[in-house]
Amino acid sequence: MMKQNNTFSLSRIWMLAKWDVGTNWKVYAWRYFGLYLGYLALMMRNYVAVGDSADPENISSIAFFTTIVFMILFFRQASLVMERMLTKGGRTTFLTLPASNLEKFVWRTIFVSVFFVVMGFVTFALADLTRYLVLFVCGQGDAPFIFSHYFLSWLGYVLFDKSVFAI
């Protein structure tokens with residue numbers, strides 16, 4: 001009878017990552033394509049709401065709304081840490097992989113947190129670029145990538161501002 005090696009190994013996490021992405025790449029591709037379309041629809045709707053006026057207050061409130069949507073999607077994605085355990089077949093496949101449970105959990109946590117943030121920024125930038133190109137072709141080009149600029153500034157404010165305001 002073989003004894004299972006329960007030590008923590010980065011090489012097994014890497015092999016688990018390759019297996020997971022290789023097996024479920026269609027699910028992930030469709031998920032991020034839907035995220036791209038959602039961001040694009042949100043940006044186009046917000047551009048129509050602002051109109052031709054590039055009032056910084058309107059754009060700032062739209063960027064804040066977009067940031068809130070991104071955070072909601074992030075928390076929804078974080079709830080998918082153990083998505084592979086939803087069905088009996090998925091549980092059997094996932095639990096019989098040659099890695100410890102800690103390594104499986106670490107990989108899923110890294111995937112749904114770090115990878116989602118990276119892909120969220122990539123899909124957001126692609127949606128912003130598409131929005132700019134569509135509006136440029138239609139003759140209504142505004143300042144390029146203005147939503148990404150405000151989105152990143154609001155996200156930085158939300159995540160990294162540690163100041164306390166006295167009322």
Side-chain angles (χ1 to χ4, degrees), residues 10 13-86 90 94 104-165 167:
L10 291 176
I13 291 177
W14 176 247
M15 289 187 291
L16 184 63
K18 288 193 308 188
W19 175 84
D20 187 30
V21 172
T23 304
N24 302 308
W25 69 273
K26 286 183 184 178
V27 173
Y28 301 143
W30 279 109
R31 185 174 292 157
Y32 291 114
F33 182 68
L35 186 64
Y36 161 78
L37 290 179
Y39 280 145
L40 183 61
L42 185 67
M43 287 180 192
M44 294 301 280
R45 181 219 163 271
N46 290 342
Y47 182 79
V48 169
V50 170
D52 290 336
S53 68
D55 184 22
E57 187 174 312
N58 285 341
I59 294 173
S60 181
S61 66
I62 289 170
F64 177 72
F65 176 71
T66 308
T67 305
I68 295 301
V69 169
F70 180 81
M71 296 303 273
I72 290 170
L73 290 174
F74 178 77
F75 290 127
R76 192 259 182 220
Q77 183 73 9
S79 72
L80 298 176
V81 170
M82 293 313 238
E83 177 185 28
R84 298 289 147 235
M85 304 293 276
L86 289 177
F94 191 67
K104 294 170 191 173
F105 181 75
V106 166
W107 161 242
R108 292 299 300 166
T109 304
I110 289 170
F111 180 76
V112 300
S113 58
V114 174
F115 190 71
F116 177 75
V117 170
V118 170
M119 288 306 293
F121 284 129
V122 168
T123 55
F124 191 85
L126 287 174
D128 196 24
L129 178 66
T130 306
R131 175 204 56 90
Y132 177 71
L133 291 175
V134 165
L135 294 176
F136 182 74
V137 167
C138 293
Q140 299 181 3
D142 59 344
F145 314 118
I146 194 164
F147 287 107
S148 290
H149 169 74
Y150 280 103
F151 173 76
L152 292 176
S153 65
W154 266 104
L155 192 62
Y157 173 76
V158 167
L159 294 177
F160 301 115
D161 188 23
K162 303 293 186 214
S163 60
V164 177
F165 296 102
I167 296 178

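Computed from a prediction, not measured in an experiment: that's the story for all the values here.
- In this structure, W30 CH2 and W25 CH2 are separated by 10.0 Å, a value rounded to the nearest 0.5 Å.
- Using the six-membered ring where Trp is involved, F111 and Y28 have ring planes that are tilted, between 30° and 60° apart.
- For T23 (side chain) and D20 (main-chain N/O), no donor-acceptor pair under 3.5 Å exists by modelled atom type.
- Here the CD1 atom belonging to I13 is positioned 13.5 Å from the NZ atom belonging to K18, to the nearest 0.5 angstrom.
- Side-chain contact between K104 and L16: present, with at least one pair of heavy atoms (C-beta onward) separated by less than 4.5 Å.
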- [ ] Run the numbers on F136 and R131 for side-chain contact (heavy atoms from CB on, under 4.5 Å), then give the verdict.
- [x] CA-CA 8 Å; F136 182 74; R131 175 204 56 90; over 6 Å; no

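- Atom CG of L126 and atom CG of L40 lie 10.5 Å apart (nearest 0.5 Å).
- For the atom pair Y39 OH and T130 OG1, the distance stands at 14.0 Å (nearest 0.5 Å).
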Task: Criterion side-chain contact (heavy atoms from CB on, under 4.5 Å) on F116 and L35, from CA distance to verdict - done: CA-CA 11 Å; F116 177 75; L35 186 64; 3.9 Å; yes

